[in-house]
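Here the structure comes first, spelled out in C-alpha cells, and everything after it is commentary.
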Amino acid sequence: MNQKIKIIAFDADDTLWVNEPYFQDAQIQFGEICKQWIAPDAVVNEHYKTEVQNIPIFGYGIKGFILSLVETAIRISNHQVSAEQIEQIIQIGKTMLSYPIELLPGVEETLKRLAPHYRMIVATKGDLMDQERKLERSGIAHYFHHIEVMSEKNNDAYLKLIRHLDVAPEAFLMIGNSLRSDILPAIEIGSTAIHIPYHIDWVHEKVEEFSPPKGRFFKCESILDVCQFLQV
C-alpha cells in the first residue's frame, strides 16, 4: 500500500465505463442523415468544428453534442435540413442517454480491492444530470466518497477539488484515459497520475507532445494494474 496517497480520483467515461464508441456510432448515423449535402467522412470534421466552438457554451456531454449536430446539419445543408431529419438527430441523443452502463473489464474488482485502503472519488467532465444518472445505474456508486462533475478539467479545477477534499496535492492520485484532461493538470499541480489508455480517443483530448516527470506519471494497460502499482 502506498502510504503517501490518501485519495484516488477516477475519471468516469472510458475509464470506468464505455463512452466514446457511442459518440462515434452517433456520428456515423449523423453522416447518413446528412449525406445528401456532404460526404459522411467530411461530416465528422464539420461537426467537430461546431462542437469545439460550442464547448464554452454547452460544456461537455451528450446534450451539447446533439445540439452541435443540429447546428452542423443546419449549416452544411444551407438551412435545407427538414424537421423530420432534425427529429432523427434528437432521437440519436435520446438513444445515447438510455444506453445501459457497460463497465470496463476489471473495474469493480479494482474498486473492491482499493476501497478498504483509500478514499475514492469520481472526477469527471460532462453533463451533471447525465453523469449522475450513469453513476447511479453503474452499480459502483457505493465505492465513492465524493462525485465531482467538472465543467473543465484544468489546473484551477483540480486545485479547487483538492482544497475541497482538504488534501495536499502529493496525497492525490488521478487515474484516467485522457492525457489532456486527467493526467497533465494533475501532474502540473504536484499530484501523481496514472494513464490507462482507451482504444478510442476523442480528437479533442489528444496531446501531441508529453514529457512526464519521473516518479509522478505512470502508465497501466489495465485498471487492474493499479492494484499492483499500489501494492494492494
Side-chain angles (χ1 to χ4, degrees), residues 11-105 107 124-138 149-154 176-182 195-210:
D11 173 53
D13 296 332
D14 299 319
T15 297
L16 297 177
W17 51 65
V18 174
N19 182 65
E20 185 60 24
Y22 301 144
F23 285 83
Q24 296 207 353
D25 288 346
Q27 288 182 322
I28 292 171
Q29 296 175 59
F30 180 64
E32 284 298 305
I33 293 171
C34 297
K35 65 183 180 181
Q36 67 190 93
W37 302 296
I38 191 171
D41 290 346
V43 163
V44 175
N45 292 330
E46 292 302 320
H47 172 247
Y48 180 65
K49 292 178 194 174
T50 308
E51 192 174 21
V52 169
Q53 290 173 352
N54 285 337
I55 285 173
I57 303 169
F58 299 142
Y60 298 90
I62 293 172
K63 295 171 188 174
F65 174 83
I66 294 298
L67 286 170
S68 293
L69 287 182
V70 171
E71 183 178 339
T72 303
I74 292 169
R75 176 168 55 81
I76 65 178
S77 72
N78 195 24
H79 295 81
Q80 297 303 304
V81 63
S82 68
E84 180 181 358
Q85 288 168 317
I86 290 177
E87 184 178 26
Q88 291 173 353
I89 295 169
I90 292 171
Q91 187 56 50
I92 291 172
K94 289 183 176 180
T95 300
M96 292 174 73
L97 288 166
S98 66
Y99 280 139
I101 304 305
E102 182 183 348
L103 293 180
L104 289 169
V107 164
T124 189
K125 291 189 300 192
D127 176 76
L128 177 61
M129 182 181 293
D130 184 33
Q131 294 293 48
E132 288 181 338
R133 183 191 300 118
K134 285 194 285 190
L135 190 61
E136 182 180 349
R137 290 162 55 197
S138 70
V149 180
M150 305 149 107
S151 57
E152 190 60 83
K153 279 182 167 179
N154 53 32
N177 68 294
S178 168
L179 285 172
R180 181 184 181 197
S181 294
D182 303 321
H195 182 217
I196 306 176
Y198 190 61
H199 68 282
I200 300 176
D201 276 332
W202 182 29
V203 63
H204 190 64
E205 296 293 334
K206 290 185 178 179
V207 172
E208 295 300 327
E209 295 183 6
F210 175 49

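This structure is a prediction, so every number in the text was calculated from the model and none was measured.
Residues meeting the side-chain hydrogen bond (donor to acceptor under 3.5 Å, both in side chains) test with Asn177, sequence neighbours left out: Thr15. Applying the side-chain hydrogen bond (donor to acceptor under 3.5 Å, both in side chains) rule to Asn45 yields no partners; only residues at least two apart in sequence or on another chain are considered. Residues passing the side-chain hydrogen bond (donor to acceptor under 3.5 Å, both in side chains) test with Gln29: none are found, sequence neighbours excluded. Applying the side-chain contact (heavy atoms from CB on, under 4.5 Å) criterion to Glu84, with sequence neighbours excluded, gives Ser82, Gln88. Partners of Arg75 according to the salt bridge (charged side-chain N to carboxylate O under 4.0 Å, His left out) rule, which considers only residues two or more places apart in sequence or in another chain, are Glu46. In this structure Gln36 satisfies the side-chain hydrogen bond (donor to acceptor under 3.5 Å, both in side chains) test together with Gln85, sequence neighbours excluded. For Glu136, there are no salt bridge (charged side-chain N to carboxylate O under 4.0 Å, His left out) partners at least two apart in sequence or on another chain. Here Phe65 pairs with Phe23, Ala26, Gln27, His47, Glu51, Leu69, Met96 under the side-chain contact (heavy atoms from CB on, under 4.5 Å) rule; sequence neighbours left out.
Between the Asn19 side chain and the Asp14 main chain, no donor and acceptor come within less than 3.5 Å of each other.
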Criterion side chain to side chain contact (heavy atoms under 4.5 Å, CB included) on Leu104 and Tyr198, from CA distance to verdict: CA-CA 10 Å; Leu104 289 169; Tyr198 190 61; 3.7 Å; yes
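Between the CD1 atom in Ile92 and the CD atom in Glu87 there is a gap of 11.5 Å [rounded to 0.5 Å]. Here the straight-line distance linking atom CD1 of Ile196 with atom CG of Leu16 works out to 9.0 Å at 0.5 Å rounding. In this structure, CD1 in Ile86 is found 5.0 Å from CD1 in Ile74, a value given to the nearest 0.5 Å. Of the inter-residue distances, the one linking Met129 atom CE with Glu132 atom CD reads 8.0 Å to the nearest 0.5 angstrom. If you take CD1 on Ile57 and OG on Ser68, they are separated by 8.5 Å, rounding to the nearest 0.5 Å.
Sorted pairs that involve residues 96-105 and meet salt bridge (Lys or Arg N to Asp or Glu O under 4.0 Å), not counting sequence neighbours, are lacking altogether. Note on residues 56-67: pairs passing salt bridge (Lys or Arg N to Asp or Glu O under 4.0 Å), not counting sequence neighbours, are Lys63-Asp127. Each salt bridge (Lys or Arg N to Asp or Glu O under 4.0 Å) pair with one or both residues in residues 91-100, not counting sequence neighbours, would appear here, but there are none. For residues 69-100, every residue pair satisfying the ring pair (Phe, Tyr, Trp, His ring centres under 6.0 Å) rule, not counting sequence neighbours, is listed here: Tyr22-Tyr99.
The heavy-atom pair separating Phe58 from Gly64 by the smallest distance is CB-CA, 3.8 Å. Nearest heavy atom pair, residue Gly93 against residue Ile62, reads O-CG2, 3.9 Å. Across Ser138 and Trp17, no two heavy atoms sit closer than the pair CB-CZ3, 3.8 Å. When every heavy atom of Phe30 is checked against every heavy atom of Ile89, the shortest pair comes out as CE1-CD1, 3.6 Å. Taking each heavy atom of Thr124 and Ala12 in turn, the nearest pair found is OG1-CB, 3.6 Å. The heavy-atom pair separating Pro40 from Lys35 by the smallest distance is CG-CB, 4.2 Å.
With contacts defined as side-chain heavy-atom distances shorter than 4.5 Å, the pair Cys34/Ile76 qualifies.
Using modelled atom types, one finds a donor on one side chain and an acceptor on the other under 3.5 Å when comparing Thr50 with Thr72.
The existence of a salt bridge linking Lys125 and Asp13 is excluded, since no basic side-chain nitrogen approaches an acidic carboxylate oxygen closer than 4.0 Å.
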